[in-house]
Amino acid sequence: MKYVIANWKMNGRQSFVQSWFKAVPCDFQSTAQVVIAPPLPYLSIVQEHLPAQFHMGAQDVSSFDTDGAHTGDVSAQMLIDAGCQYVIIGHSERREFGETDELLAKKLRNAEQAGLTPVFCVGESLEKRKAGDAWSFVESQLKLLQNYPADKPLIIAYEPIWAIGTGATATVEDVQEMHSQIKQAIDRPILYGGSVKSSNAQELMAIESVSGALVGGAALKPDEFLSIVEAAS
Ligand code: PGA
């Protein structure tokens with residue numbers, strides 16, 4: 001089974017959510033696990049419209065494990081309470097603002113303890129790739145998962161930073177090589193993310209080690225997104 005996860009990032013309004021789901025045919029079927037990760041204020045409206053076989057996720061989670069004076073934070077327990085099953089952790093757009101391994105370890109632990117499935121993002125910059133350091137960089141990011149309980153679900157998303165939102169997708173060879181290295185280090189489902197669209201989804205999904213896609217820009221267009229889901233089915 002493949003996963004297709006829509007990361008809406010900081011986009012949309014209530015009207016967008018309504019029209020997005022209106023565009024999903026009532027009889028839409030897929031063998032893929034489809035997850036929608038909207039901005040937090042829209043979790044409940046997404047849940048209202050969510051087709052039965054879709055799931056909901058969040059784009060981030062607090063590193064704090066107890067309720068209290070943590071202005072602006074949203075706990076893993078709250079995400080569960082709001083109907084989420086998945087949470088994206090360590091996206092490069094958040095790491096960019098200084099999310100350290102120490103902080104990410106707390107987020108992972110909180111997600112795991114609450115019963116959320118983390119979608120843990122890793123990926124190198126263009127600089128690292130050009131210097132031949134792509135794997136050593138990703139390997140260092142994966143260290144955090146070493147002690148993750150083997151009996152708890154966990155998904156890894158390989159998202160080369162240079163391919164996110166740029167239209168530049170990694171080549172099949174790049175993806176194959178990186179995914180097989182990741183797989184050897186940690187045997188979990190591995191998604192690819194970075195400018196996935198309907199036109200390249202088939203090719204990416206056909207790669208044996210690709211267990212699905214984390215989709216940003218193309219997930220804002222329901223037709224595009226559903227074509228990606230079809231490619232994963
Ligand atoms: P993109 O984003 O599909 O727009 O490149 C992917 C992501 O950041 O998860």
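Both ligands and their constituent atoms are indexed starting at 1 by order of listing. Just the heavy atoms: all of them, side chains too, but no hydrogens, waters or symmetry mates, feed the values below.
The closest side-chain donor-acceptor pair between E48 and Y42, if any, does not fall under 3.5 angstrom. In this model, no donor atom of one side chain and acceptor atom of the other lie less than 3.5 Å apart for W162 and E127.
Within ligand 1, counting atoms from 1 as listed, the ones closer than 4.0 Å to a heavy atom of G217 are 1 (P), 3 (O), 4 (O). Contact atoms of ligand 1 toward H91: 7 (C), 8 (O), 9 (O) (distance under 4.0 Å to a heavy atom of the residue). In summary, the atoms of ligand 1 found under 4.0 Å from a heavy atom of I164, numbered by their order in the structure, are 2 (O), 5 (O), 8 (O).
Residue nearest to atom 7 (C) of ligand 1, selected from E159, K197, E93: E159 (by heavy-atom distance).
At a 3.5 angstrom cut-off on N or O pairs, T166 does not count as close to ligand 1. Of the N or O atoms in G165, one or more lie within a sub-3.5 Å distance of an N or O in ligand 1. For ligand 1, one of its N or O atoms has an N or O atom of G216 under 3.5 Å away.
At least one heavy atom of A163 lies less than 4.0 angstrom from ligand 1. For the pair S195 and ligand 1, a heavy-atom separation below 4.0 Å is found. The closest approach between any non-hydrogen atom of G194 and ligand 1 is below 4.0 Å.
One finds no salt bridge joining D101 and K143 here, because no Lys/Arg side-chain nitrogen approaches an Asp/Glu carboxylate oxygen to under 4.0 Å. A salt bridge is absent between K106 and D65: the closest approach of a Lys/Arg side-chain nitrogen to an acidic carboxylate oxygen does not fall below 4.0 angstrom. A salt bridge links E93 and K9; the closest N-O separation between the charged side-chain nitrogens and carboxylate oxygens is under 4.0 Å.
Here A219 has no heavy atoms under 4.0 Å from ligand 1, in either its backbone or its side chain. When heavy-atom distances to ligand 1 are checked against a 4.0 Å cut-off, N7 comes that close only through its side chain, counted from C-beta outward.
In the displayed structure, Q202 atom CD is contacted under 6.0 Å by at most 12 heavy atoms of other residues, nucleotides or ligands. In the displayed structure, K130 atom NZ is contacted under 6.0 Å by at most 12 heavy atoms of other residues, nucleotides or ligands.
Classification of the W8-F16 ring pair by plane angle, with boundaries at 30° and 60°, yields perpendicular. Taking the six-membered ring where tryptophan is involved, the planes of Y192 and H179 are tilted, since the angle between them lies from 30° to 60°.
Residue, atom and distance of the protein heavy atom nearest to atom 2 (O) of ligand 1 are K9 NZ, 3.2 Å.
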